[in-house]
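Data first, discussion second: the structure below is written as structure tokens.
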Amino acid sequence: MKKSLFYIFTLSLILSISACGKFYKLEKSTNWEELYDAANSYYEKGEYNKAIILYDRVLPVIRGSERAELADFNYAYSHFRTKRYIEAAGYFNTFYQTYSRSPMAEEAMFMNAYSLYLDAPDFNLDQKSSRDAVNAIQIFINKFPESDSYERAMGMIDDLQRRFEEKAYQESMMYYRLTEGLFPGEFYKACIINFQNFAKNYPDSKHNEELSFRLVEVAYNYAERSVFDKKEDRLKDSARFAEQFKRKYPQSKYLGQVETYAIKTTKEYDNFIVMKKDYEERLAKLKAEQEANKAISPEGEAVRTIPITENNN
């Protein structure tokens with residue numbers, strides 16, 4: 001039994017060394033036909049890294065010939081099979097640009113988009129490559145609307161859009177959490193803008209009800225803490241957001257809290273109007289007194305104003 005295992009191990013080792021020696025000779029070969037056939041052979045056997053090495057050697061030689069089309073296609077797929085998706089996307093795109101009339105052109109354009117899609121990150125990371133993938137998929141769909149891969153491409157776009165949506169939601173909630181800190185400042189304003197933009201960009205999102213409620217909450221807190229000359233407009237916004245929520249989500253689990261904010265906003269607004277009226281009356285009285293004082297000199301004579309000229313020297 002031990003001898004059998006030893007013979008099997010020895011035979012495997014010999015074959016391995018032999019295979020390595022054969023590939024080493026191919027790497028040094030200048031016979032491009034031999035390199036071409038070997039590259040295709042390794043590709044068919046699924047040894048994609050070896051195929052890439054040999055295609056790198058032979059492609060510059062056969063560029064422009066009939067054999068280059070298949071080699072370029074296999075070269076792109078070899079990168080895809082080894083999960084080098086960015087490189088694969090570039091090679092598939094180059095293939096389509098070079099062989100746009102090839103029967104493999106449609107597949108190459110789809111694989112360009114699919115490679116970018118597979119390279120796209122999760123929602124919590126930068127989404128530039130995801131946007132590149134969406135653009136590539138959209139180009140494919142527009143170019144080949146009757147393709148067998150059309151539904152698959154649409155599914156990829158839907159998945160990427162969900163990632164964009166989730167990232168936008170997380171960004172909005174980040175601003176919301178910042179309003180709970182010691183210095184909410186402009187984060188209130190950022191929240192309101194983000195919540196409204198989210199609803200516009202993702203009108204069918206499952207997050208819209210929650211963010212609409214957060215909008216009411218943040219708008220009230222923003223108005224309550226506002227300076228005098230901005231308070232009235234922000235209270236009106238708070239009341240408007242509350243009414244919009246009640247119309248859109250009459251059965252919402254947040255309805256009771258929204259009603260509370262609406263009542264608090266109304267009371268706050270009524271108190272503000274009383275204070276504003278009192279302020280305006282006192283201000284008008286003060287201005288009238290100042291005008292009266294300006295019109296009469298200390299001796300009881302009318303004040304004569306003397307024009308002031310600038311000294312240009």
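- The same ILVMFWY cluster, assembled from side-chain heavy atoms under 4.5 Å apart, contains both Leu70 and Leu59.
- The salt bridge (Lys or Arg N to Asp or Glu O under 4.0 Å) search around Arg63 returns Asp72, not counting sequence neighbours.
- Residues satisfying the salt bridge (Lys or Arg N to Asp or Glu O under 4.0 Å) criterion with Asp159, sequence neighbours excluded, are Arg162, Arg163.
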Show every donor-acceptor pair shorter than 3.5 Å between a side-chain atom in residues 238-247 and any protein atom, with sequence neighbours excluded, or say none if there are none.
unit_1: Ser238; atom_1: OG; unit_2: Thr265; atom_2: OG1; d: 3.0
unit_1: Arg240; atom_1: NH2; unit_2: Asp237; atom_2: OD1; d: 2.9
unit_1: Glu243; atom_1: OE2; unit_2: Lys246; atom_2: NZ; d: 2.9

Using distance only, find each side-chain donor-acceptor pair of residues 251-262 under 3.5 Å and give its atom names and separation, not counting sequence neighbours.
unit_1: Ser252; atom_1: OG; unit_2: Glu209; atom_2: OE2; d: 2.5
unit_1: Ser252; atom_1: OG; unit_2: Tyr254; atom_2: N; d: 2.9
unit_1: Thr260; atom_1: OG1; unit_2: Gly256; atom_2: O; d: 3.1

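- Between Tyr202 and Phe198, the ring planes are tilted. Angles from 30° to 60° get that label.
- Phe92 and Ile86 sit in two unconnected hydrophobic clusters of ILVMFWY residues. Membership requires side-chain heavy atoms under 4.5 Å apart, directly or through other members.
- Figure legend: Arg152 and Tyr114 shown as a cation-pi pair, the cationic atom lying under 6.0 angstrom from the six-membered ring centre and within 45 degrees of its axis.
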Under 3.5 Å donor-acceptor pairs involving side-chain atoms of residues 273-285, not counting sequence neighbours:
unit_1: Lys276; atom_1: NZ; unit_2: Glu232; atom_2: OE1; d: 2.7

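- A single hydrophobic cluster is not seen to contain both Ile263 and Val218; linkage of ILVMFWY side chains at heavy-atom distances under 4.5 Å, directly or through other members, places them apart.
- Annotation: Phe228 is in aromatic contact with Phe272 [ring centroid separation under 6.0 Å].
- Taking the ring axis of Tyr36 as reference, the NZ or CZ atom of Arg67 stays within 45° of it and closer than 6.0 Å to the ring centre.
- For Lys50 (side chain) and Ala39 (main-chain N/O), no donor-acceptor pair under 3.5 Å exists by modelled atom type.
- Although no hydrogens or angles enter the test, the distance criterion places no donor-acceptor pair under 3.5 Å between the side chain of Asn93 and the main chain of Ala89.
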Practice problem: Kindly determine whether Asn142 and Gln138 satisfy side-chain hydrogen bond (donor to acceptor under 3.5 Å, both in side chains), including the steps that lead there. | Solution: CA-CA 6 Å; Asn142 294 340; Gln138 193 62 59; 3.3 Å; yes

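- Judged by distance alone, the side chain of Ser41 and the main-chain N or O of Asp37 form no donor-acceptor pair under 3.5 Å.
- Looking at Ser100, its side chain never comes within 3.5 Å of a backbone N or O of Gln97 through a donor-acceptor pair.
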Exercise. Let me see the working for Asn112 and Tyr96 under side-chain hydrogen bond (donor to acceptor under 3.5 Å, both in side chains), right down to the final yes or no.
Key: CA-CA 9 Å; Asn112 165 54; Tyr96 178 81; over 6 Å; no

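- With Glu268 as reference, Lys231 is the one residue of Lys231, Lys236, Arg225, Arg234 to meet the salt bridge (Lys or Arg N to Asp or Glu O under 4.0 Å) rule.
- Not a single salt bridge (Lys or Arg N to Asp or Glu O under 4.0 Å) links Glu165 to another residue, sequence neighbours left out.
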